[in-house]
Amino acid sequence: MSSVNHHFPDPVIRRKFRQRLLRWYARHQRDLPWRKTSDPYKILVSEVMLQQTQVDRVIPKYKEFLRKYPTLQELAGASVGDVEATWRPLGYNIRPVRLHAIAQEAVGRHRGKIPDSLEELQAFKGIGRYTAGAVMSFAFRKDAPILDTNVKRVLQRVFLGSTNGNGSKPLKRLWDLSAALIPKGKAYDFNQALMDFGALICTARKPNCPNCPMQPFCLSYPWDKDNTPCPKLQRPSK
DNA sequence: CTCCAGCCCC
DNA sequence: GGGGCTGGAG
């Protein structure tokens with residue numbers, strides 16, 4: 001028995017999805033400041049800020065934060081209070097505290113570098129599976145999958161529709177999908193494209209199906225057919 | 001105003 | 001598998 005279905009999704013659909021996503025991205029990608037740097041520290045700052053905060057609110061604070069702490073070393077050398085104050089009013093104020101701790105640990109224990117493995121990244125408090133994948137693909141250009149809410153929604157709709165797939169846990173299924181779709185050596189563009197696609201076309205409410213390049217094979221197209229709500233990934237617990 | 005979402009921690 | 005913090009939807 002094989003535990004992984006190597007033919008899901010259909011290789012033809014898989015290829016079409018990649019092609020269409022990357023082509024769409026080439027024309028519609030957002031101009032975001034953290035896409036202009038390859039400094040893992042700066043990427044990490046952006047990802048932590050983006051964890052619970054919308055892009056528009058993050059952009060100005062990202063710039064201000066990096067003006068004040070341009071390097072990992074300078075962040076590590078600042079006082080926590082100072083970092084917290086700079087963070088305001090982004091909210092979720094545990095994040096700057098953890099980010100500061102990460103900087104200090106990296107300086108003290110990793111030769112002043114952000115580590116470049118999923119395991120080491122996830123060992124930090126404040127970096128979970130998503131953020132670790134984001135740093136691996138966006139900062140270190142590794143073919144690591146990501147799965148945040150946007151990506152979950154896109155993959156669920158296009159490849160699973162209203163079903164949960166082949167019996168395996170929905171979450172694992174989606175992580176596997178996210179990994180299986182990455183074109184070799186192109187996780188950076190592919191993952192960025194997935195995020196933009198989820199933010200601009202395959203939105204939570206009122207997805208823009210009429211302009212969606214995935215129409216021909218999307219299992220949820222057309223979305224408004226019978227006003228179906230987005231399939232829940234997991235049942236409410238109560 | 002209440003409720004829900006969302007990434008991470010425990 | 002539940003709670004926290006916080007913005008945004010209803």
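A note on names: the letters A, B, ... follow the listed sequences, proteins ahead of strands, and every chain is numbered from 1.
The stretch residues 109-119 of chain A participates, sequence neighbours left out, in these salt bridge (Lys or Arg N to Asp or Glu O under 4.0 Å) pairs: A/Glu105-A/Arg109. The list of side chain to side chain donor-acceptor pair (under 3.5 Å) pairs with a residue in residues 36-46 of chain A, not counting sequence neighbours, reads A/Asp31-A/Lys36. Residues in residues 15-24 of chain A take part in no salt bridge (Lys or Arg N to Asp or Glu O under 4.0 Å) pair, two or more places apart or across chains. Sorted by first and then second residue, the pairs that involve residues 128-154 of chain A and meet ring pair (Phe, Tyr, Trp, His ring centres under 6.0 Å), not counting sequence neighbours, are A/Phe138-A/Tyr188. Here salt bridge (Lys or Arg N to Asp or Glu O under 4.0 Å) pairs that include residues 191-201 of chain A, with residues two or more places apart or in two chains, are A/Arg30-A/Asp196, A/Arg35-A/Asp196. Among residue pairs with one or both ends in residues 54-76 of chain A, those qualifying as salt bridge (Lys or Arg N to Asp or Glu O under 4.0 Å) are A/Lys61-A/Glu64, A/Lys68-A/Asp82; sequence neighbours excluded.
In this structure, A/Tyr92 has no ring pair (Phe, Tyr, Trp, His ring centres under 6.0 Å) partners at least two apart in sequence or on a different chain. Legend: residues meeting salt bridge (Lys or Arg N to Asp or Glu O under 4.0 Å) with A/Lys206, ordered by chain and number and at least two apart, are absent. A/Glu120 pairs by the side chain to side chain donor-acceptor pair (under 3.5 Å) definition with A/Ser117, not counting sequence neighbours.
Interface residues of residues 93-110 of chain A facing DNA chain B, ordered by number: A/Arg98; criterion, heavy-atom separation under 4.0 Å. Interface residues of residues 117-127 of chain A facing DNA chain B, ordered by number: A/Phe124, A/Lys125, A/Gly126, A/Ile127; criterion, heavy-atom separation under 4.0 Å.
Taking atom CG of A/Asn150 as the reference point, atom P of B/dG6 lies 8 Å away to the nearest angstrom. Straight-line distance from the CZ atom of A/Arg88 to the C1' atom of C/dT6: 15 Å, rounded to whole Å. Note: CD1 (A/Ile146) to P (B/dG6) measures 15 Å, nearest angstrom. The interatomic distance linking A/Arg153 (CZ) with B/dC7 (P) rounds to 10 Å, in whole Å.
The backbone N or O of A/Gln122 sits nowhere less than 3.5 Å from a side-chain atom of A/Arg129 that would complete a donor-acceptor pair. Under a 3.5 Å cut-off, the side chain of A/Asn93 and the backbone N or O of A/Ala85 do not form any donor-acceptor pair.
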Strictly under 3.5 Å: I want the nitrogen or oxygen pairs between protein and nucleotides 7-10 of chain C, one per line.
residue	atom	partner	partner atom	Å
C/dG7	O3'	A/Gln54	NE2	3.0
C/dG8	OP1	A/Gln54	NE2	2.4

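Using a 4.0 Å heavy-atom distance criterion, A/Thr53 is classed as making no nucleic acid contact.
Note on A/Thr149: a side-chain N or O is less than 4.0 Å away from OP1 or OP2 of B/dC7.
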